[in-house]
Protein chains: 2
Amino acid sequence: MATVTAAERRAEAKRAYDAYVAACPSRKLLDTLSDKWVSLVLNALADGSKRYSDLARTIAGVSQKMLTQTLRGLERDGLVTRTVTAAVPVRVDYRLTSLGESLLPLMAAIKQWAESHIEDVEAARLRYDADSENSP
Amino acid sequence: MATVTAAERRAEAKRAYDAYVAACPSRKLLDTLSDKWVSLVLNALADGSKRYSDLARTIAGVSQKMLTQTLRGLERDGLVTRTVTAAVPVRVDYRLTSLGESLLPLMAAIKQWAESHIEDVEAARLRYDADSENSP
DNA sequence: CCGCATCCACCAGGATACTG
DNA sequence: CAGTATCCTGGTGGATGCGG
């Protein structure tokens with residue numbers, strides 16, 4: 001039975017897409033930077049070194065799992081450093097690398113844009129939702 | 001049975017978190033901007049109006065569902081306009097609003113940072129992965 | 001051509017409990 | 001204190017088919 005069409009087309013499309021993504025690695029990096037926790041962690045580290053528990057407190061609502069995962073990713077990507085100080089209660093500090101610091105202004109700008117335009121956006125939402133109620 | 005502790009604490013924590021998020025709406029907006037497709041769509045609309053199918057072709061790998069969903073969200077947030085031209089085959093154009101245009105430079109900067117630092121990041125990853133193989 | 005509706009797989013991510 | 005390990009759920013997002 002030559003019912004390969006569906007499966008084959010899917011596989012083909014997937015390979016093509018993967019190839020495209022691989023050819024354009026900045027896309028993957030963009031995905032990483034688009035992570036909601038990444039921007040928050042980066043902003044939290046804006047003013048110098050912070051301990052793990054400080055970060056957890058600063059970024060309200062993050063689970064340790066996500067925090068650890070995000071920090072590991074950032075460390076792997078060379079955006080933050082992880083410093084373990086062997087003491088009675090272990091102490092771990094995170095700090096932006098120079099690469100991370102070069103990214104910080106951009107993330108801060110996004111955050112600031114969000115804060116200063118949130119009202120415009122919410123107004124637009126109200127207008128949109130109001131219009132939607134009339135048509136249906 | 002006064003076994004309210006666990007459930008109650010969870011509910012309490014969730015309410016507290018929701019309250020925090022509601023009190024800080026920029027967090028929600030940050031979540032929106034952190035969407036991977038949002039940045040791509042915005043960048044795709046950088047140089048003027050585009051048709052739906054143009055966008056679909058420009059942003060390789062996006063499903064119509066995600067594209068439509070993203071565009072609707074952006075429209076609702078007042079970042080893009082949607083113009084329907086009634087013709088035999090319907091024609092729909094999307095264009096950045098002035099609000100969207102004010103955001104564009106920031107997104108473009110992020111994209112550019114990603115493109116110009118991808119090599120540093122990949123080098124850092126190789127180093128990190130190499131070190132990880134020794135310790136375990 | 002543009003988009004909506006439906007179904008469904010998958011994995012991100014939260015809760016919980018346990019170590020060094 | 002700073003994780004690691006494990007389980008489990010819900011929402012994201014792809015595939016498909018229909019409608020204007």
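First the proteins, then the strands, lettered A, B, ... as listed; each starts at 1.
Two residues are said to be in side-chain contact when any heavy atoms from C-beta on lie closer than 4.5 Å; B:V92 and B:R82 meet this criterion.
Look at B:R125 and A:D77 and you find a salt bridge, because one of the NZ, NE, NH1 or NH2 atoms lies within 4.0 Å of a carboxylate O, short of that distance. Between A:D31 and A:K28, no side-chain nitrogen of the basic residue sits less than 4.0 Å from a carboxylate oxygen of the acidic one, so the salt-bridge criterion is not met.
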Could you write out each protein N or O paired with an N or O of nucleotides 6-11 of chain D at a distance under 3.5 Å?
none

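Residue B:L55 forms a side chain to side chain contact (heavy atoms under 4.5 Å, CB included) with just one option from B:L40, B:T70, B:L71, and that option is B:L71.
The NZ atom of B:K36 sits 7 Å away from the P atom of D:dG13 (whole-angstrom rounding). Atom C1' of nucleotide C:dC1 and atom CG of B:D93 are separated by 12 Å, given to the nearest angstrom. The separation between A:K50 atom NZ and D:dA2 atom P is 13 Å, rounded to whole Å. Summarising the geometry, the separation between CH2 on A:W37 and P on C:dG13 is reported as 8 Å, rounded to the nearest angstrom. B:M66 places its CE atom 12 Å from the C1' atom of D:dA15, with the value rounded to the nearest Å. Rounded to an integer number of Å, the gap from A:R57 CZ to D:dC1 C1' is 11 Å. Between the CG atom of A:D31 and the P atom of C:dA12 there is a distance of 12 Å, rounded to whole Å. With rounding to whole Å, B:Q64 atom CD is found 10 Å from C:dG3 atom P.
Contact between the side-chain N/O atoms of A:Y94 and the OP1/OP2 oxygens of D:dG3 is found at a separation under 4.0 Å. The shortest distance between the side-chain N/O atoms of A:S63 and the OP1/OP2 oxygens of C:dA15 is not below 4.0 Å. B:R51 has no side-chain polar atom (N or O) that falls below the 4.0 Å cut-off from OP1 or OP2 of C:dC1.
Within the model, atoms CG of B:L96 and CG of B:L42 stand 5.5 Å from one another, a figure rounded to the nearest 0.5 Å. The structure places CZ of B:R76 at 9.0 Å from OG1 of B:T32, a figure rounded to the nearest 0.5 Å.
For the ring pair (Phe, Tyr, Trp, His ring centres under 6.0 Å) test, residues two or more places apart in sequence or in another chain that qualify with A:W113 are A:H117. Under the side chain to side chain contact (heavy atoms under 4.5 Å, CB included) criterion, A:R127 pairs with A:A123, A:A124, not counting sequence neighbours. Residues forming a side-chain hydrogen bond (donor to acceptor under 3.5 Å, both in side chains) with A:T81 (at least two apart in sequence, or on another chain): none.
Each end of the helix from C:dC1-D:dG20 to C:dG20-D:dC1 gets its own rotation axis from five pairs of C1' atoms, and the angle between them is 50° to the nearest 10 degrees.
In terms of heavy atoms, A:M107 sits closest to A:V38 at CE-CG1, 4.4 Å. Of all heavy-atom pairs between A:T97 and A:G78, the closest is OG1-O, 2.7 Å.
Non-hydrogen atoms lying under 4.0 Å from DNA chain D are contributed by A:T68, A:R72, A:R82, A:P89, A:V90, all within residues 68-91 of chain A.
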